[in-house]
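Start at 1 and go down the list; that is how both ligands and their atoms are numbered.
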Amino acid sequence: MPIQLLPDQLISQIAAGEVVERPASALKELMENSLDAQSTEVQVSLLQGGTKQLRVADNGKGIPKEELALALTRHATSKIATLADLESVASLGFRGEALASIASISRTTLMSKSADEAHAWQVASYGQDLSEITPAALSEGTVIEVNDLYFNTPARRKFLKQENTEYGHCEAAFQRIALSRPDVGFTLQHNGRAKAKWLAGSAEKRIQSVMGNDFAAESVFFDETAADLRFWGMAASPTFSRRTRDAQYTYVNGRFVRDKVLSHAIRQAYQDVMHHDRHPAYVLFLECDPTLVDVNVHPSKTEVRFRDSQAIHRFVFHSLHKSLAAPTGASSAVNVAQAEHNPFAAPAETASPVPKVQSEMPLRQTHFSPQSFSSSARPSGADDFYKKMYGDQQNAVSRVNESPARFDAVTTDQEASQTNPGLATESAEASSSAQEFPMGFALGQLHGVYILAQNQEGLVVVDMHAAHERIKYEQLKQALDQQTVAMQPLLLPVSLQADTLEVATVQTLLDEGSDVLQQLGFDFAVLSPNTLAVRGIPTLLQGADVEALARAVLKDIADYGATRVLTEQRNEMLGTMACHAAVRANRLLTLPEMNALLRDMEATERSGQCNHGRPTWFQVSMLDLDKMFMRGQ
Ligand code: ADP
Ligand code: MG
């Protein structure tokens with residue numbers, strides 16, 4: 001192919017990849033245009049998470065008829081004309097590519113009335129083509145309607161998530177912009193339902209509306225200036241900290257940005273008053289001379305570069321640090337559930353709350369699928385049964401273990417089966433026990449890792465640790481589901497040398513009155529700044545290495561937060577606990593212990609795979625063995 005210039009349409013579609021990553025990014029651009037046009041009212045309505053339609057109506061200065069088509073054309077902007085303009089840009093837009101990009105991948109209608117004109121005009125674009133400009137009915141401002149985003153770029157359309165997810169992103173974009181302009185009124189509708197209506201008012205009022213009353217009650221409002229810098233906003237007290245970063249808003253000259261310099265300075269200001277795992281909540285605005293900051297870093301314009309980032313860092317840190325040190329009068333006991341609430345659910349002026357979706361993590365799948373068990377409940381009297389069957393057969397086991405290097409397990413197997421006529425023969429008892437006990441009965445332990453058992457079909461090989469882990473895991477899951485993870489107080493509490501983070505994790509939970517440890521069946525106490533005591537562990541995990549178990553649990557809580565270890569991270573948490581409680585390799589088990597494990601496996605759902613997706617056992621049938629030995633061929 002010879003070198004050729006790309007068609008404009010294609011250039012716009014390529015640009016759209018960066019600017020219009022998803023409906024929410026288009027919404028952001030449209031709302032920014034409304035603000036750049038000096039609107040005081042911006043109404044947003046969405047259909048199907050913005051994928052079906054994004055509609056933004058404003059009462060701004062409008063677009064004159066002869067510029068309507070240009071507005072949809074690439075690199076057409078009314079906001080800058082020279083490099084000097086770019087370097088001191090104060091408007092949100094300046095690249096002149098958002099509308100063209102959006103129009104190139106949707107069916108867009110742009111309707112506008114500028115003050116100088118008698119009536120409104122409209123133009124429509126369908127991917128490539130622009131319609132004629134025709135008169136329209138609109139008394140003021142601009143209405144832009146973006147339909148069927150990505151209709152002509154199927155590859156991109158495939159990346160769209162579910163309606164709820166896309167709506168969530170749109171809502172977040174809407175909130176970010178609404179926070180930045182309290183002097184403008186905003187409304188949001190989704191699928192015809194009112195989601196938010198925020199009247200123009202003070203910054204404090206707007207922040208409260210968007211972030212919720214709880215946030216406002218726990219926050220300080222501050223406003224600091226130094227030379228030509230101003231840093232102001234609302235910062236929640238450390239007690240209102242959260243498990244995630246989702247309540248953190250920073251703005252530079254009115255533009256929402258994610259910036260490392262700012263977030264680092266803020267983080268530091270909170271540092272000595274907050275546990276490292278918690279995230280502060282804030283809405284903060286930095287204002288400076290536009291020439292001191294470069295906003296043209298990325299097409300989405302959410303990154304900035306400061307000319308003197310050290311000065312900015314110092315100023316931000318000191319302003320916030322000072323403000324946080326001032327007493328707020330807010331209570332320090334914060335209910336975790338409250339702190340975790342969705343700020344969008346309860347603002348003063350909003351309509352319907354947004355439900356929080358909690359999904360359970362799917363278990364990791366395995367490709368290995370051992371046959372499933374016929375019986376699912378542990379039969380009563382099983383213990384008696386195998387006691388009777390095996391009596392004191394531990395000698396045979398020991399022999400296997402004592403001579404791991406010698407391949408004499410076969411002899412032992414035979415001995416074992418000879419002493420177990422009930423299993424080795426076709427007696428009635430045997431066939432009924434085969435049904436009752438599909439995992440069969442233990443013959444011995446192999447190299448301290450595998451349990452060998454005999455069932456009706458032949459040989460069963462069990463990965464002892466993996467199976468035990470799985471059983472513990474399922475038992476914990478069931479117990480937690482029923483809110484009954486029983487705690488076993490330790491006769492002698494185990495004290496452990498703990499690092500600062502471990503101690504802080506426990507201390508924070510205790511201070512907050514969190515019952516996560518209790519729910520998981522633990523009882524911890526802080527003995528000194530570097531000693532913890534474990535006073536109780538889950539009854540189900542008796543025999544576990546208490547210290548390792550305790551540390552693993554604290555680490556998960558520190559990493560994910562108390563709420564998440566009981567929700568999204570729950571299965572991981574229980575997996576960690578199970579792993580630390582499961583028998584280690586090289587632990588000698590008695591035959592009754594091995595049989596108890598086999599019975600537990602029969603009774604436990606999904607015991608065919610361990611928590612890491614590996615199989616826990618497999619069957620070698622007599623037929624398989626016969627084949628190996630070429631018997632009957
Ligand atoms: P940019 O915002 O970077 O200039 P856009 O593609 O977003 O580029 O918009 C192109 C031009 O269309 C803007 O410069 C502006 O003149 C005009 N425009 C877009 N939306 C509006 C609006 N809601 N009200 C008035 N003018 C608008
Ligand atoms: Mg723009």
Discussion item. Would R176 and F256 count as a cation-pi pair here, with the cationic atom under 6.0 angstrom from the ring centre and within 45° of the axis?
Written reply: yes
Discussion item. For F151, does the six-membered ring have the charged nitrogen or CZ of R107 within the cation-pi criterion, i.e. under 6.0 angstrom from the centroid and within 45° of the normal?
Written reply: yes
Discussion item. Using the rule given for side chain to side chain contact (heavy atoms under 4.5 Å, CB included), can you reason through K197 versus Q189, listing the C-alpha separation, both sets of side-chain angles and the distance that settles it, and then say yes or no?
Written reply: CA-CA 9 Å; K197 180 173 169 60; Q189 273 192 17; over 6 Å; no
Worksheet item: Are the aromatic rings of W198 and F174 close, with centres under 6.0 Å apart?
Response: yes
Practice prompt. Anything protein N/O/S under 2.8 Å from the Mg ion (ligand 2)? Just list residue and atom, please.
Written response: N33 OD1
Fill in: Sorted by chain and number, the residues that approach ligand 1 to under 4.0 Å with a heavy atom
N33, S34, A37, D58, G62, I63, A71, A76, T77, S78, K79, G93, F94, R95, G96, E97, A98, L99, T142
Worksheet item: Where do G233 and F285 come nearest, in terms of heavy atoms and distance?
Response: CA-CD1, 4.4 Å
Give the table of side-chain donor-acceptor pairs shorter than 3.5 Å for residues 115-125, with sequence neighbours excluded, one pair per line with atom names and distance.
from, atom 1, to, atom 2, distance (Å)
E117, OE1, K65, N, 3.3
E117, OE1, S114, OG, 2.9
E117, OE2, K65, N, 3.1

Worksheet item: Is a salt bridge present between E140 and K113, judged by a nitrogen-to-oxygen distance below 4.0 Å?
Response: no
Discussion item. Between F222 and F231, does the ring-ring contact (aromatic ring centres under 6.0 Å, His included) criterion hold? Intermediate values first, please.
Written reply: CA-CA 8 Å; F222 70 94; F231 191 51; 5.7 Å; yes
For residues 310-320, which side-chain donor-acceptor pairs fall under 3.5 Å, sequence neighbours excluded?
from, atom 1, to, atom 2, distance (Å)
H313, NE2, H264, ND1, 2.9
S319, OG, F315, O, 2.6

